[in-house]
Amino acid sequence: MLRITVSLFLALILTACSHEPKSHKVTIAINPWPGYELIYLAESKGFFEDVELDLTLVQTASLSDGQRAYISGRVDGFASTIVEAVQAQEFGGDPLNVVLLADYSNGGDVILSQAPYQSLSDLKGKKIGCEVSSLGIYILARALTVYGMTLDDVEIINVEQGNALHSLNAGQIDAMVTYPPYSFEILNDSHQVNHRIFTTAEIPNEILDTISISKKVVSENPDLIPKLHQAWQMAYEYLKQHPVEAVKLMAEREKISETEFNQSLTDIYLLNNIEQKNLLKNQEDLISLAQSVCDTLNKAAAFNSSCDHIKTLFYSGI
């Protein structure tokens, strides 16, 4: 009788344990870009642990790589510009929410050209490298519009960021759409004189850097987004209070100098929690921006979308 009672007790324990929810460590792909470094700063300073945020950052080489990691299901979310966030679901990724607004690139993203070309107008008929499936094609399309041209006025070459410098030096392209830290590598190159001929300062508040996460994961982890925002704000305040130490840590990770990292910070506008909450609570401006991005991508034949998903793209649980 005792043996039966003990066996029954053990069976009840095992049954109860089998129904306990399994913890799910959320994974986010993230590529080099100074505006994302606050997330790494939060991780390195222990702010994830302080707010009990179970999050793993997965390093990728570029915006395209991060987007591909999400679309293939290898990660739960990814850091990107608004461009890749708009594209991801249409490219086959799970429906997602933009859950954090990191910064506006108001000068950080650039088009760099070799010395003979002094303006964007000089590049008519020339070869311009960019990541065709992501941000690069959008910036190129917008830049050409500003200067009264279209994508038909140039030859577009698909070049990943890691191959940009080689492609320029080999004469395969005459200019490149790029961003830090890759842009500094090109500008500091000793083989060619390269310079900026366009920056996103000419289209302010159009390039919004974000973190997006699968809607399913957001739904299954109701505390995830508040904790993520809390950790972000802690890193934001740490940068303000300890700028020398924070910049040193972030510059080392980006593999650029502290001077270059500080220069990058002048070309972006980091968003704090209050600013993010205001934008996410009153989403008209965000939806309008995403609609403009979607329309431009359609016009540039970067994808074919009805843009209907834009209305529910942004997280509304703030």
Side-chain angles (χ1 to χ4, degrees), residues 29 31 33 35-36 62-68 70-71 77-111 128 130-147 149-152 154 156 158 161 177-179 198-215 267-269 271 275-276 279-280 282-316:
N31 64 275
W33 167 251
Y36 302 146
S62 67
L63 289 165
S64 296
D65 287 337
Q67 186 192 64
R68 284 191 288 263
Y70 178 75
I71 292 170
F78 63 111
S80 76
T81 75
I82 187 65
V83 174
E84 292 77 26
V86 165
Q87 291 174 320
Q89 181 176 325
E90 303 296 88
F91 283 172
D94 288 340
L96 55 79
N97 276 146
V98 173
V99 299
L100 187 143
L101 313 174
D103 67 87
Y104 285 109
S105 170
N106 291 341
D109 295 280
V110 296
I111 299 178
I128 302 182
C130 70
E131 290 177 294
V132 171
S133 64
S134 64
L135 174 68
I137 194 68
Y138 177 82
I139 288 182
L140 180 56
R142 288 292 294 116
L144 290 169
T145 299
V146 171
Y147 283 81
M149 295 189 288
T150 70
L151 293 173
D152 293 332
V154 298
I156 301 166
N158 186 45
Q161 292 298 327
V177 184
T178 185
Y179 50 83
F198 181 85
T199 83
T200 46
E202 297 184 57
I203 50 171
N205 296 348
E206 276 196 37
I207 307 302
L208 175 64
D209 291 297
T210 66
I211 292 178
S212 302
I213 298 177
S214 156
K215 287 183 178 180
D267 293 329
I268 62 177
Y269 181 80
L271 292 160
E275 292 167 317
Q276 292 190 55
L279 285 166
L280 289 168
N282 305 297
Q283 297 191 0
E284 293 85 357
D285 289 344
L286 292 176
I287 292 172
S288 177
L289 173 59
Q291 183 69 51
S292 176
V293 167
C294 194
D295 291 341
T296 299
L297 291 171
N298 275 326
K299 189 176 180 180
F303 75 160
N304 182 20
S305 171
S306 67
C307 301
D308 289 342
H309 65 297
I310 296 304
K311 298 173 184 176
T312 60
L313 184 64
F314 297 94
Y315 178 71
S316 59

Does the [X] side chain pair with the main chain of [Y], one donor and one acceptor, at a distance under 3.5 Å?
X: Gln67; Y: Ser62; result: no
X: Asn158; Y: Val132; result: yes
X: Gln276; Y: Leu271; result: yes
X: His309; Y: Val86; result: yes
X: Ser292; Y: Ser288; result: no
X: Tyr70; Y: Asp94; result: yes
X: Ser212; Y: Phe78; result: no
X: Glu90; Y: Ser305; result: no

Full working for side chain to side chain donor-acceptor pair (under 3.5 Å) between Glu206 and Thr200: CA-CA 8 Å; Glu206 276 196 37; Thr200 46; over 6 Å; no

Taking C-beta and beyond as the side chain, do [X] and [Y] meet within less than 4.5 Å on heavy atoms?
X: Leu101; Y: Leu280; answer: yes
X: Ile137; Y: Leu151; answer: yes
X: Phe198; Y: Arg142; answer: no
X: Glu84; Y: Leu135; answer: yes
X: Leu313; Y: Leu286; answer: no
X: Asn205; Y: Leu289; answer: no
X: Tyr138; Y: Gln87; answer: no

[atom1]/[X] to [atom2]/[Y] distance, rounded to the nearest 0.5 angstrom?
X: Ile211; Y: Leu100; atom1: CD1; atom2: CG; value: 5.0 Å
X: Leu140; Y: Ile128; atom1: CG; atom2: CD1; value: 5.0 Å
X: Asp308; Y: Gln89; atom1: CG; atom2: CD; value: 10.0 Å
X: Phe314; Y: Thr312; atom1: CZ; atom2: OG1; value: 10.5 Å
X: Gln283; Y: Lys311; atom1: CD; atom2: NZ; value: 13.5 Å
X: Cys130; Y: Gln161; atom1: SG; atom2: CD; value: 9.5 Å

Specify the closest pair of heavy atoms between [X] and [Y], including all atoms of both residues, with the distance to one decimal.
X: Cys307; Y: Asp295; result: SG-OD1, 4.0 Å
X: Leu63; Y: Ala79; result: CD2-O, 4.4 Å
X: Leu96; Y: Ala88; result: CD2-CB, 3.6 Å
X: Asn31; Y: Tyr36; result: O-CD1, 3.3 Å
X: Gly92; Y: Ile71; result: C-CG2, 4.1 Å
X: Ala85; Y: Ser80; result: N-OG, 3.6 Å

Check against side-chain contact (heavy atoms from CB on, under 4.5 Å), Val98 and Tyr315: CA-CA 6 Å; Val98 173; Tyr315 178 71; over 6 Å; no

Residues Ile213, Asn97; criterion side-chain contact (heavy atoms from CB on, under 4.5 Å); working and verdict: CA-CA 6 Å; Ile213 298 177; Asn97 276 146; over 6 Å; no

side-chain contact (heavy atoms from CB on, under 4.5 Å) evaluation trace for Trp33 with Ser105: CA-CA 10 Å; Trp33 167 251; Ser105 170; 3.8 Å; yes

Over 12 non-hydrogen atoms of neighbours within 6.0 angstrom of CG in Asn304: no

Option among Val293, Ile139, Asp103, Asn106 that satisfies the side-chain contact (heavy atoms from CB on, under 4.5 Å) test with Ile207: Ile139

Chi angles and distances behind the side-chain contact (heavy atoms from CB on, under 4.5 Å) call for Thr150, Leu144: CA-CA 5 Å; Thr150 70; Leu144 290 169; 5.8 Å; no

